[in-house]
Amino acid sequence: MTTAIVAPRQMLVGGGSLSRAGELLRQLGLSRPLVVTDPWMVRSGTVEKLLAPLRSAGMAPEVFSDTVPDPTDTVVEAGVALLRSGGFDVLVGFGGGSPMDTAKAMAILAAAPEGAKMREFKVPFAADRWALPIVCVPTTAGTGSEATRFTVITDAERDEKMLIAGLGALPLAAIVDYELTFTVPPRITADTGIDSLTHALEAFVSRRANPVSDMYAREAMRLIGPRLRDVWHRPDDAKAREDMMLGASLAGLAFSNASVALVHGMSRPIGAHFHVPHGLSNAMLLPAVTEFGLNSALTRYAEAARCMGVASGTDADQVAGSRLLEELRALNRELEVPSPAAWGIEEARWNALVPTMAEQALASGSPSNNPRVPDAGEIQELYGRAFRG
């Protein structure tokens, strides 16, 4: 059986690698970058860490900073309008998942005729064309978007988070510099860290897993599992930050080549309807969804527990699987992950939207990759179980 593996053409990985941004673009034959970032990166001056080496390389980068935490199709359309007016030859996504996903969507939409809408590109459509290449520079250790062929964009009119997949969303290159994560607040550190763990775990148990994605997922879990608590309790721990950043990119490579599963399928509607940050909504769901599928892929979940360091090689699979569940619940407690109820979502509104969220989760296609494939009723039950944690 042939497996098609995708990855960026080049990745600069390591502390201080951002200083080589201009050199990287020149090597790729690019010289007119539009930097896509968020308002905080501009206000804080953080974006200057990218702009300075670009200017030193003789470039005149421009900045689009109107991105929002859950990227919307309307923001993407505004970015494309700027893109089409400026003669740019590369998009550089700088920030967390939102700016990187926005840059990807802009590249895809700009390749379509004027008047096209992002909803035309959601799965199962194969979004394989881009108008110009994308270079991604993550500032959080979480989404792995710098290494994936996916972007998630909210349809503002329909209140739906759309999964968009294809080679058009795959960055040409990425710069993975863990030194950018030292100033990330604890809540974002925790949420993005659990997000990356979810990527690795779901890729590993996915029905579309393959030997190459397994290799990435195993190493990601080995790096992330022991370090999540370290970066929460010791934000200045350089080794922990480095391991988490590398782990997040490896997890991105894993799920880009194997796909995510039920956690992500259920997580996106929570973000769309209640504006819960993506990593946090994943964390809210991870223990319950893992328990749901545990016995359908017990050997895989047990190996994941061993990779994370929460089970030994001598533990029987059932014991290792139980320890994995215990660890996921313990992580949520220690990293202060709230339930949807504790986060402030009204129960009546949650319950009213559960049928819609279940339909949207199924429509995304991600639940079909789960070891135990749920129907709409089972997804509704899981939403109910997750509400109070």
Let me check something: any side-chain donor-acceptor pairs from residues 126-137 under 3.5 Å, sequence neighbours excluded? List them with distances.
residue: D128; atom: OD1; partner: L167; partner atom: N; Å: 2.9
residue: R129; atom: NH1; partner: A111; partner atom: O; Å: 3.2

Quiz item: Does the R207 side chain pair with the main chain of P371, one donor and one acceptor, at a distance under 3.5 Å?
Solution: yes
Exercise. Taking E303 for its side chain and R300 for its backbone only, find out whether a donor-acceptor pair lies under 3.5 Å.
Key: no
Quiz item: Does L180 share a hydrophobic cluster with L24, counting links as ILVMFWY side-chain heavy atoms below 4.5 Å and allowing steps through other members?
Solution: yes
Quiz prompt | Residues, nucleotides or ligands: over 12 heavy atoms within 6.0 Å of R229 CZ | solution = yes
Quiz item: Quick check, are the ring centers of F150 and F255 under 6.0 angstrom apart?
Solution: yes
Exercise. Taking ring-ring contact (aromatic ring centres under 6.0 Å, His included) as the test, write out the residues that go with F204, two or more places apart.
Key: none
Quiz item: Are K161 and D70 within salt-bridge range, i.e. N to O under 4.0 Å?
Solution: yes
Extract all donor-acceptor atom pairs below 3.5 Å that involve side chains of residues 338-348 and protein atoms in other chains or at least two apart in sequence.
residue: S339; atom: OG; partner: A341; partner atom: N; Å: 3.4
residue: S339; atom: OG; partner: A342; partner atom: N; Å: 3.0
residue: S339; atom: OG; partner: F387; partner atom: O; Å: 3.4
residue: E347; atom: OE1; partner: R388; partner atom: NH2; Å: 2.6

Quiz item: Taking all atoms of both residues into account, what is the closest heavy-atom pair of A203 and A258, and its distance?
Solution: O-CB, 3.7 Å
Self-check item: Shortest non-hydrogen separation from L253 to A7 and the atoms involved
Solution: CD2-CB, 3.7 Å
Quiz item: Heavy atoms, side chains only, cut-off 4.5 Å: are N332 and I194 in contact?
Solution: yes
Exercise. With sequence neighbours excluded, give me every salt bridge (charged side-chain N to carboxylate O under 4.0 Å, His left out) pair touching residues 171-191.
Key: R187-D191
Quiz item: Is there side-chain contact between V260 and S267, with at least one heavy-atom pair below 4.5 Å?
Solution: no
Quiz item: So, R268 and S366: side-chain donor and acceptor under 3.5 Å apart, yes or no?
Solution: yes
Quiz item: Which pair of non-hydrogen atoms, one from P374 and one from E378, has the smallest distance, and what is that distance?
Solution: CA-OE1, 3.2 Å
Quiz item: Who pairs with S196 by side chain to side chain donor-acceptor pair (under 3.5 Å), at least two apart in sequence or on another chain?
Solution: none
Quiz item: Listed by chain and number, what are the ring-ring contact (aromatic ring centres under 6.0 Å, His included) partners of Y301, not counting sequence neighbours?
Solution: none
Which pairs of donor and acceptor atoms, one on a side chain in residues 288-299, lie under 3.5 Å apart (sequence neighbours left out)?
residue: T290; atom: OG1; partner: L286; partner atom: O; Å: 2.7
residue: E291; atom: OE1; partner: R329; partner atom: NH2; Å: 3.3
residue: T299; atom: OG1; partner: D317; partner atom: OD2; Å: 3.4

Quiz item: Within a strict 4.5 Å, meaning less than it, do heavy atoms of the R227 and D237 side chains meet?
Solution: yes
Exercise. Could I get the full list of side chain to side chain donor-acceptor pair (under 3.5 Å) partners for E359, not counting sequence neighbours?
Key: none
Practice problem: State whether the side chain of D38 and the backbone N or O of T67 hold a donor-acceptor pair below 3.5 Å, judged by distance alone. | Solution: no
Practice problem: Would you mind reporting whether T181 and M245 have side-chain heavy atoms less than 4.5 Å apart? | Solution: yes
Quiz prompt | Set of residues satisfying side-chain contact (heavy atoms from CB on, under 4.5 Å) with respect to V13, sequence neighbours excluded | solution = M11, V176, L246
Self-check item: pair P61-L34: side-chain heavy atoms closer than 4.5 Å
Solution: no
Self-check item: Partner set under salt bridge (Lys or Arg N to Asp or Glu O under 4.0 Å) for E242, not counting sequence neighbours
Solution: none
Exercise. State whether a side-chain donor-acceptor pair under 3.5 Å links S145 with D101.
Key: yes
Quiz item: Partners of A238 by side-chain contact (heavy atoms from CB on, under 4.5 Å), sequence neighbours excluded?
Solution: Y178, F182
Exercise. Salt-bridge test for E326 and R323: reply yes if a basic N is under 4.0 Å from a carboxylate O, no otherwise.
Key: no
Exercise. Write down the atom of G96, the atom of T140, and the distance for their closest heavy-atom approach.
Key: CA-OG1, 3.8 Å
Quiz item: Considering only heavy atoms from C-beta outward, does the side chain of E160 approach that of R119 to under 4.5 Å?
Solution: no
Quiz item: Going by heavy atoms in the side chains, are R149 and S259 under 4.5 Å from each other?
Solution: yes
Self-check item: For A103 against G93, the heavy-atom pair lying closest together
Solution: CB-CA, 4.0 Å
Quiz prompt | Salt-bridge contact D243-K239 (side-chain N to carboxylate O under 4.0 Å) | solution = yes
Quiz item: Do the side chains of P53 and R20 get nearer than 4.5 Å, heavy atoms only?
Solution: no
Quiz item: Any idea which heavy atoms bring Q360 and D159 closest together, and the distance?
Solution: NE2-O, 3.9 Å
Quiz item: Does a donor on one side chain sit under 3.5 Å from an acceptor on the other, for H233 and E334?
Solution: yes
Quiz prompt | Contacts of type ring-ring contact (aromatic ring centres under 6.0 Å, His included), residue F64, not counting sequence neighbours | solution = none
